[in-house]
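In what follows, a structure is listed as structure tokens, so that the remarks can point back to it.
Read the numbers this way: they start at 1 and go in the same order the structure lists the ligands and their atoms. Along the sequence shown, residues are numbered consecutively beginning with 1.
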Amino acid sequence: MTAITYQFSETYARELDHADPLKAYRDEFYFPLVKGKPAIYFCGNSLGLQPKRTRINIDKELQNWANQAVDGHFYGEEPWYDIRKKSKPILGELMGALDHEVVAMNNLSSNLHFLMVSFYRPTEKRFKIITEAGAFPSDMYMLESQVKFHGLDPEKTIIEIGPREGEHILRTEDILAKITETGDELALVMMAGLQYYTGQVFDMGAITNSAHHVGAKAGFDLAHAAGNITMNLHDWGVDFAAWCSYKYLNSGPGNISGIYVHERHADDPSLPRFAGWWGHDEAERFKMEKGFKPMYGADGWQLANTNVLGMAALHASLELFQEAGIHNLRRKSELLTGYLEFLIGEINGETQVLEIITPKNPLERGCQLSLLVHKGGKKVFDELYEHGIVGDWRHPNVIRVAPTPLYNSFEDVNRFANILKQSLVKFA
Ligand SMILES: *Cc1c(COP(=O)(O)O)cnc(C)c1O
């Protein structure tokens with residue numbers, strides 16, 4: 001990217017918006033009100049906004065259900081029986097995966113458990129798991145309980161890699177060194193693709209390569225990566241991954257997750273798994289006989305028939321990603337977050353009351369910046385909310401703000417910066 005000379009002015013922010021080829025997508029979303037006014041919503045990393053198309057899509061399926069009832073499974077414009085297929089091309093594009101390597105199903109934490117049933121197969125010699133220190137709590141509980149399920153001691157099994165003294169983010173070299181050091185005791189690397197607290201993107205390709213080199217598997221939790229950064233899971237050789245769709249993918253609270261399983265595992269019936277009828281060979285599904293035969297690819301990990309209303313909501317948002325184009329979105333995202341970073345630098349001036357702990361390199365971050373607040377802390381954050389900014393506060397002193405390229409504007413970022421400046425004057 002060529003260097004940009006950003007400016008701290010409303011006129012300049014408006015010019016950027018004017019020139020933004022994706023500006024029309026903002027109108028596709030509902031914005032919540034704070035104190036009676038539309039919020040500056042920087043919380044898509046927690047819950048994405050509702051697309052206006054969501055209700056239309058769900059209404060359509062409600063109508064199908066009303067009109068056709070059970071016949072909706074096999075008849076009509078888009079029979080429910082095959083509804084999962086519709087999201088595969090765009091999910092594949094978002095993940096950098098083949099269509100048969102991805103499928104939307106279940107919830108994130110459930111999916112990672114199901115995938116670990118297949119890909120965490122500890123033996124007496126090879127049993128350890130490498131993960132990042134300070135992982136999202138659900139991930140910590142998943143690993144702990146998987147390890148105990150195999151009768152092992154989490155203390156002796158899970159290796160957490162943290163930042164070096166005085167640093168906030170992990171160094172790839174440290175992750176790779178730990179993988180090499182653990183060597184043939186390492187069964188699995190299972191970590192975030194994009195760290196929820198710091199906003200750091202890990203080098204999934206290098207990590208996977210290293211893991212494979214010592215004979216281990218590599219899986220990623222893509223909760224904060226899906227719909228935020230572009231990925232190449234297939235080419236990187238990642239064994240498995242899962243994500244949720246209610247953060248950057250705007251599918252609605254608690255809605256359907258998705259999984260990815262590399263092609264090399266697509267046709268391996270010897271892989272143990274917890275099966276259900278929806279993962280069984282489609283041609284024989286309704287024979288209702290004993291003997292599980294997994295479908296080819298990610299579909300073979302499905303258990304239950306598809307949540308159609310959830311899928312309708314997911315599609316409303318995936319269509320927007322498809323129309324806007326994920327590479328266009330990424331381009332805008334780098335500009336938007338770059339602008340935010342610039343303005344924070346301007347506000348900080350000499351005082352350095354704010355410290356951005358998210359990496360500076362755009363390739364090592366998505367849209368989120370995590371701000372360590374050295375003075376004023378929660379008071380600064382509460383003041384932001386008073387002025388209509390929805391971000392989030394993470395104990396003990398981090399404000400996370402995530403301007404998303406689908407529905408946030410450069411003017412949002414500029415207004416945020418002005419309010420942040422005032423709040424710091426008041427409380428820091
Ligand atoms: C949001 C998030 C989750 C949430 O898991 P659910 O099963 O969807 O409740 C899990 N892991 C990470 C890293 C997350 O960011």
Result block: side-chain N/O donor-acceptor pairs under 3.5 angstrom for residues 370-378, not counting sequence neighbours:
residue, atom, partner, partner atom, Å
Ser370, OG, Tyr197, O, 2.6
Ser370, OG, Gln368, NE2, 3.0
His374, NE2, Glu355, OE1, 2.7
Lys378, NZ, Asp382, OD1, 3.1

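- For ligand 1, none of its N or O atoms has an N or O atom of Asn107 under 3.5 Å away.
- Ring centroid separation for the pair Tyr407 and Tyr25 does not come in under the 6.0 Å cut-off.
- One finds a salt bridge joining Asp299 and Arg84 here, because a Lys/Arg side-chain nitrogen approaches an Asp/Glu carboxylate oxygen to under 4.0 Å.
- Looking at Gln195, Lys247, His113, it is Lys247 that brings a heavy atom closest to atom 2 (C) of ligand 1.
- Here the protein heavy atom with the shortest distance to atom 7 (O) of ligand 1 is Ser109 OG, 2.6 Å.
- In this model, a donor atom of one side chain and an acceptor atom of the other lie less than 3.5 Å apart for Glu61 and Asn64.
- Atom 11 (N) of ligand 1 has Asp139 OD1, 2.7 Å as its closest protein atom, hydrogens excluded (heavy atom only).
- Taking the six-membered ring for Trp and the full ring otherwise, Tyr248 and Trp243 have centroids separated by 6.0 Å or more.
- Under 4.0 Å from ligand 1, heavy atoms of Leu108 appear from its side chain as well as its backbone.
- In terms of protein heavy-atom proximity, atom 3 (C) of ligand 1 is closest to Phe136 CE2, 3.3 Å.
- Residue His224 places at least one N or O, backbone or side chain, under 3.5 Å from an N or O of ligand 1.
- Among all non-hydrogen protein atoms, the one lying nearest atom 8 (O) of ligand 1 is Tyr246 OH, 2.5 Å.
- The ring of Phe220 has its center no closer than 6.0 angstrom to the ring center of Trp236.
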Side-chain donor-acceptor distances from residues 112-122 under 3.5 Å, at least two apart:
residue, atom, partner, partner atom, Å
His113, ND1, Gln146, NE2, 2.9
Ser118, OG, Pro272, O, 2.7
Ser118, OG, Trp301, NE1, 2.9
Tyr120, OH, Phe127, O, 2.7

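- Residue Ala223 touches ligand 1 through its side chain alone, judged by heavy-atom distances below 4.0 Å.
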